Each structure stands twice: as structure tokens, then as C-alpha cells.
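Remember, predicted model here, so these are calculated numbers, not experimental data. Throughout, protein chains are lettered first and strands after them, A, B, ... in sequence-line order, and every chain is numbered starting at 1.
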Amino acid sequence: MDQHAADRARRELLAEPREILLAVRRRLPHARRLIEDLYRLGAYLDAPLDRFPEPAGGRDMGTDQHSRPFPRIKLRSIMRVRFAPSPTGALHVGGARAALYNWLLAHGPGEEGDDTPGTFVLRIEDTDRERSTEENVAQILDALEWLGLQWDEGPISQLGNTPRHQQALQQLLDDGFAYHCNANADDVKAYKEKHGAERGFRGEPDADGAVRLHVPDEGRTSFEDAIRGETSFPNASMDDPVIARADGSVLYNFAVAIDDLDAKITHVVRGEDHLSNTPKQLLVFEALGETPPKYAHLPLLHGPDGKKLSKRHGAASVQELRDAGYLPEAVNNYIALLGTGFAADEEFFTMAQMAELFRLERVSKSPAVFDEQKLRHMNGRYLRELSLDELTERLEKFTGKSGLRGAVEISREKIQTLADFWPLAGFLVDGPVDDPKAFQKVIGAEGGVQTLTAAREALAATDPFTVENIEASLRELVESSGLKPGQVFQPVRVAIAGTTISPGIFESVALLGKDRTLSLVDDALIKAV
RNA sequence: GCCCCCAUGGUCUAGUGGUUAGGACGCCUGCCUUUCACGCAGGAGAUCGCCGGUUCGAGCCCGGCUGGGGGUACCA
């Protein structure tokens, strides 16, 4: 008998036991559930009567203890969710939304009104040693902290679970659910050319090589997606996935299943790009004889071009949003809206409100386009709701300057992001900006110098130098000169700010004080001549 | 190619058999006004992707089509 025939004979011999084992494994979760239920029933029967009070309204049948309604048994009523980013780049808004939704779930009312607090686990998916970096891990943690999405457990490094992965891998190998295979990409391609494109790759077992998971040739692998409902994939079209490299290091689809299992994750909520990975992971659970978590696949976030949001769509990472001057509370609120509505006619919600109102089943199935303009709008509203002290603190942190309180007070109505502040009000601290065009257009205009000179006199005579008095003085000048308000105010504005954009002119002048204002006006007058 | 998912104004959403299809962003007009904003009052913009079916009646249910998206790695 040649080697090939021997292999085939061996395979055929193993096929039946494997099928039997699989069948048993498939029923194992049920068996487990049954055993746990029975255990709980025992606990229930032994428990004091008041532990499971009669349902409100009472029962209409039976009075003896044994006919009491069976207690609702929910093995997984306490939500354990996770966010598992791979550190191959910064945290982008799609990932941030996934993290947020998981956080909301952990802090929400739970399933069926069970208000036991859930647990939000953070795991770093770093099995890709080529692309994962420490810097990216640090960036992701930093971004999550900034957003206030505090995790309850972790961060768990997937790489740290290597022994357990090896053990589970060996188990699948021993039980015949996985096999070593030396087939490479060309072999897979050749296989499909021979068997048809709809036929998934099935390898020939080798003594060594990468490890592939056996996928059944028939039937479908299906699951109930919390957002999409019944979702199923034909097994025949699936390739036998490689779950470990030839050197023994495990791959994503295997590691996630093991880690979700070990962390007792109840709900896997992740992006739709993982939808077609789910059956592979389900097959791992099945081969292990374990009950898989529930899955929910979030619609993707798209850029304006309708493609999956990525770096090239501009401010796509959380860090970039922070640098663009957005508030974490606004980012959370806006991002949450990309995929679900919390109420028919309201869009502003606190984290607590969102956690209370969020329902996985209500998440949209279709992708959403990230619209920075709307984020800006929401950010502006959040900004204006901050107290003056709070906003000042954030702006001082953002700009790295201090003593900004007065400037913040008179600018807050005019900015939508923290980044808008300095260009508008920086002159109040650092002096006028250089804008020759504005200077020429306003002060260099016909009569500009005369008006500014008159304004200087009016301001010099103003005492005390308050907003009200300054306004009165300048308006008086408008009256007496017969000029339009703008013709008087704009030269003053350009003199003190260097440009035509500034907070309210009277407020700005008052904040600068008389000496500083007059000196700035003098500078402008000199420059104009 | 193959597998899977999706489809309400430009954008995000509400609406699950009977509504003038609601709200928000953006856009336009007016008011306010010292620039820019904010705020206020209005307005334009949707044959609910298309075709067929079920029903007295469909954005909502069913089928097909079209379009879009995701996956198809010894990445995650």
C-alpha cells in the first residue's frame, strides 16, 4: 500500500468516530444546561420559601409547594461584554463606538430587566506579532480613558493566554477536530479551481504544518444575531480555517473563541466586518463542546465616499478628534447616534441615560456615514453647557496657556470646538495677529485712520473703563460722526485683534483694559501712517 | 467569482398595516446684530431603491431584481 492510500484509509477510519464525537459534542451544551438547571432547581427547592416570592397577582392553580412556578433560570443574566481591539493602529471612531456600545451594555439595565451591573472586559487582540505594537496599545488605552470608557477587567493580553491556547489546540488535535496541514495559498487556489469556487478548501492531513479546523461538508452553521436575527452560513462554502501557524502560534479565530469562553463573555458585540468570522468561532466552541456567547454585529461606519471608515477619511481616530477640540462627552453622544436612536425627538443624552435606554435589538442594520459637521454642532452645545470654570480649565489644558478665564467668558458663545478658541481670542493674551489684508481693508480704508483716532479719544475719555461705558462711548461716536456702527467698531477691532474676527468688541476692549487698548490703537495708528 | 449583510430627504435617525412620513445636522430666507457665532421665526428638500405579491389598505409582511457594503489571509 502506498503512502497516499494509507493516508486515505486512515482518514476513512477516523471519519466515523469523529462524526460520533461531534454529535456528542453538539449535545454537550444542552446537557450542561440541563445539569445546571437541575442543580439550580435543587437549590430552589432547598431555599427558604420567601426567596422566590409568589408572582404578583398570584397563581390560579394549585397551592402546594411543588406546583409553584419554576423560577426563571438565566444562566447568563449578568452581562459580561468585551471590547477587543487589535493594536495595529490607533483607536478609530468605529472601534470607539463598539467600545461605547459595550460599555453602555455593561452599565445598562441588563437583559430582561435584570439590573445586576454588567462587566466590561478589555482585551488586546495581539496575536498578530508582526503588526501589534506597544505604542498602539498605549494609544488605545489612552483613547478609551479620554472617552471615559473605563473597563472593569483587563486589559488582557491575548498573547498572555498562550498556554491555554496550546492546551485547547492540542485537545482539538487529539479529538480529531483539527489537523496539521502543509497546504499553502496556491494549494487552496488549486483546490477551488478543481472543486468549484463555492466549495471551501478541505486539506489532506500531514504529519506537521499549520493546524486547520475541520469544517463539516454539509449543513449550515447558524446563530441568532442580536441585531440581525437568524444568520447562517453554508458549511460547504467555508474553508477549513487555519487556527495555528506551523510554529504553533495561534490565530485570531481560534484565540478569540478560547478567550471569550475563558472570560465567560455573554455577549460579543463587534463590527460587521467580523460577521463571517463568527461561524468559524462557533465551530471552535462546538468542537470544544462549549456554549458560545450571543453575538451582535454592529453596522460599519462609513466615510463620505460610502466606504468603510479609515485613516484616509480625515479625523478618523479618537486622538485626532481630541486634537481637533472635541469634547469626549460630545464624541460619545454623537457616535452613539450613529446606529441607533434613543428617543423620537431628542438627541442629547448623558452616558447614564444612554446606558438606560440602549437596546441591542434596536441597533440599525445599515451602515452610517460619519458626519463631522453634526459632531461640531453637538460639540458646540456641550461646550456652552459647561460652567465657565470647567470650560476654562479644559481650554487651558488644550491650549497650554493660563489666565484664560476672562477671554473664555467672552468667547464661549462663539466657539464650537476647543480648537476654535485660540484663533478667535488668542490676541487677548498674546497680542494682535498679523493679517495685512484685514488691516488694509479696514484701517487703510478711506477715513479709517480718522475714525480710529476719534475712537481712541472716546476710549481715552471713558472712565470707569467698563463694558457698559465703553459701549456708550463708542455708540456716542457713531451718533456724532454719522457713520455706520460697523465703520466705527471694525477699525477698533482690527487695531486690538489684528483681524476682523474677535469676540464682542466692547467686551474685548474692556478685558484688555484702557492702557493696553490705547497702546494697541496707537500701534495701529503708527502702522497705518 | 464565491459566501454573507444591508436599503426612510444630501447625512444621522423615528416610525413596525390606516400618520399631512416625525426629529436632528447641513442648506436657504427673515429677525437679532459690531465681525463671527449663538438664539429665534420660517422655508426648500422623500414617488420610504425598483418590480411584483398578500391585504379593504403597505415605508412597515412575502418574493424577485437593482444598488451599496463586508468577508473571502499561516491579519484582526
Trainee: Looking only at side-chain N and O atoms, does A:Arg270 come under 4.0 Å of OP1 or OP2 in B:rG70?
Mentor: no
Trainee: From B:rC5, B:rC3, B:rC74, pick the nucleotide closest to the side chain of A:Ser237?
Mentor: B:rC3
Trainee: Would you call A:Lys374 and A:Glu372 a salt bridge, taking side-chain N to carboxylate O under 4.0 Å as the test?
Mentor: no
Trainee: Name the pairing partner of B:rG42, where a pair is Watson-Crick or G-U wobble with both distances under 3.5 Å, or state none.
Mentor: B:rC28
Trainee: Looking for any heavy atom pair under 4.0 Å, which part of the strands does A:Leu300 touch: base, sugar-phosphate only, or nothing?
Mentor: sugar-phosphate
Trainee: Does A:Lys365 pair with A:Glu272 as a salt bridge, N-O distance under 4.0 Å?
Mentor: no
Trainee: Would you confirm whether the ring centroid of A:Tyr101 sits within less than 6.0 angstrom of the ring centroid of A:Phe83?
Mentor: no
Trainee: Whether the side chain of A:Glu347 and the base of B:rG23 hold a donor-acceptor pair under 3.5 Å is what I'd like checked.
Mentor: yes
Trainee: Quick one: label A:Arg228 by what it contacts on the DNA or RNA (base, sugar-phosphate, nothing), any heavy atom closer than 4.0 Å.
Mentor: sugar-phosphate
Trainee: Applying a 4.0 Å non-hydrogen cut-off, can you work out what A:Ala183 is touching in the nucleic acid: base, sugar-phosphate, or nothing?
Mentor: base
Trainee: Which part of the nucleic acid, if any, lies within reach of A:Ala368 when heavy atoms closer than 4.0 Å are counted: base, sugar-phosphate only, or nothing?
Mentor: sugar-phosphate
Trainee: For a quick test of reading the model: is some side-chain N or O of A:Arg381 closer than 4.0 Å to OP1 or OP2 of B:rA24?
Mentor: no
Trainee: Do the charged groups of A:Asp239 and A:Arg212 touch, with an N to O distance under 4.0 Å?
Mentor: no
Trainee: Using a heavy-atom cut-off of 4.0 Å across all strands, would you classify A:Arg384 as base, sugar-phosphate, or nothing?
Mentor: sugar-phosphate
Trainee: Could you check which of B:rU34, B:rG26, B:rA76 has an atom nearest any side-chain atom of A:Leu251?
Mentor: B:rA76
Trainee: Using a 4.0 Å heavy-atom cut-off, does A:His274 contact any base of the nucleic acid, only the sugar-phosphate backbone, or nothing at all?
Mentor: base
Trainee: Determine the interatomic distance between P on B:rG67 and the same-named atom on B:rG59; round to the nearest Å.
Mentor: 24 Å
Trainee: Taking only the C1' atom of each, what is the distance from B:rC27 to B:rA46 in whole angstrom?
Mentor: 16 Å
Trainee: Between A:Lys414 and A:Glu409, is there a side-chain N and carboxylate O pair less than 4.0 Å apart?
Mentor: no
Trainee: For atom C1', what is the distance between B:rC32 and B:rA24, given to the nearest Å?
Mentor: 24 Å
Trainee: Under a 3.5 Å cut-off for both contacts, is B:rU55 paired Watson-Crick or G-U wobble with anything, and if yes, with which nucleotide?
Mentor: none
Trainee: Pick base, sugar-phosphate or nothing for A:Ser232, based on heavy-atom distances below 4.0 Å to the nucleic acid.
Mentor: sugar-phosphate
Trainee: In whole angstrom, give me the gap between the P atoms of B:rU8 and B:rC61.
Mentor: 13 Å
Trainee: Taking any heavy-atom pair under 4.0 Å as a contact, classify A:Glu413: base, sugar-phosphate, or nothing.
Mentor: base
Trainee: Within the structure shown, what part of the strands sits under 4.0 Å from A:Thr88 by heavy-atom distance: base, sugar-phosphate, or nothing?
Mentor: nothing
Trainee: Need one value for A:Ile501: base, sugar-phosphate or nothing, where a base atom within 4.0 Å counts as base even if backbone is also close, heavy atoms only.
Mentor: base
Trainee: Classify A:Phe233 by what it touches in the nucleic acid, base, sugar-phosphate, or nothing, heavy-atom distance under 4.0 Å.
Mentor: sugar-phosphate
Trainee: Does a distance-only test, which skips hydrogens and angles, find a donor-acceptor pair under 3.5 Å between the side chain of A:Lys192 and the base of B:rU72?
Mentor: no
Trainee: In whole Å, what separates the P atom of B:rC60 from that of B:rA21?
Mentor: 14 Å
Trainee: For A:Arg129, report the nucleic acid contact type (base, sugar-phosphate, nothing); a contact means any heavy atom under 4.0 Å.
Mentor: nothing
Trainee: Could you tell me the separation between the NE2 atom of A:His297 and the OG1 atom of A:Thr278, rounded to the nearest 0.5 Å?
Mentor: 3.0 Å
Trainee: Is a donor-acceptor contact shorter than 3.5 angstrom present between the side chain of A:Lys365 and the base of B:rC5?
Mentor: no
Trainee: Run the salt-bridge test on A:Asp420 and A:Arg376 with the 4.0 Å N-O cut-off and return the result as yes or no.
Mentor: yes
Trainee: May I ask which nucleotide in the shown strands pairs with B:rA7, Watson-Crick or G-U wobble, both distances under 3.5 Å?
Mentor: B:rU66
Trainee: Does B:rC4 have OP1 or OP2 under 4.0 Å away from a side-chain N or O of A:Arg220?
Mentor: yes
Trainee: May I ask you to verify whether the side chain of A:Asp345 and the base of B:rA14 hold a donor-acceptor pair under 3.5 Å?
Mentor: no
Trainee: Measuring only the P atom in each nucleotide, how far is B:rU20 from B:rG39? A whole number of Å is fine.
Mentor: 32 Å
Trainee: Across all strands shown, which nucleotide pairs with B:rG1 by Watson-Crick or G-U wobble geometry, both distances under 3.5 Å?
Mentor: B:rU72
Trainee: Assign A:Asn184 to base, sugar-phosphate, or nothing according to its heavy-atom contacts below 4.0 angstrom with the strands shown.
Mentor: nothing
Trainee: Using heavy atoms to find the nearest nucleotide of RNA chain B for A:Leu375 and A:Gln158 separately, return the residue whose nucleotide is more 5′.
Mentor: A:Leu375
Trainee: Would you check if the distance from the ring center of A:Phe348 to the ring center of A:Tyr382 is below 6.0 Å?
Mentor: yes
Trainee: Return the nearest nucleotide to the side chain of A:Gln416; candidates are B:rU8, B:rA24, B:rC38.
Mentor: B:rC38
Trainee: Give A:Gly339 one of three labels, base, sugar-phosphate or nothing, depending on what nucleic acid heavy atoms sit under 4.0 Å from its own.
Mentor: sugar-phosphate
Trainee: Here's a test of your reading of the structure: between A:Ala185 and A:Pro234, which maps to the more 5' nucleotide of RNA chain B?
Mentor: A:Pro234
Trainee: Provide the distance between the two P atoms, one in B:rG26 and one in B:rG18, to the nearest whole Å.
Mentor: 33 Å
Trainee: Is the phosphate of B:rA76, meaning OP1 or OP2, less than 4.0 Å from a side-chain N or O of A:Thr127?
Mentor: yes
Trainee: Take atom C1' in B:rG15 and the same atom in B:rA58, then report the distance between them in whole Å.
Mentor: 13 Å
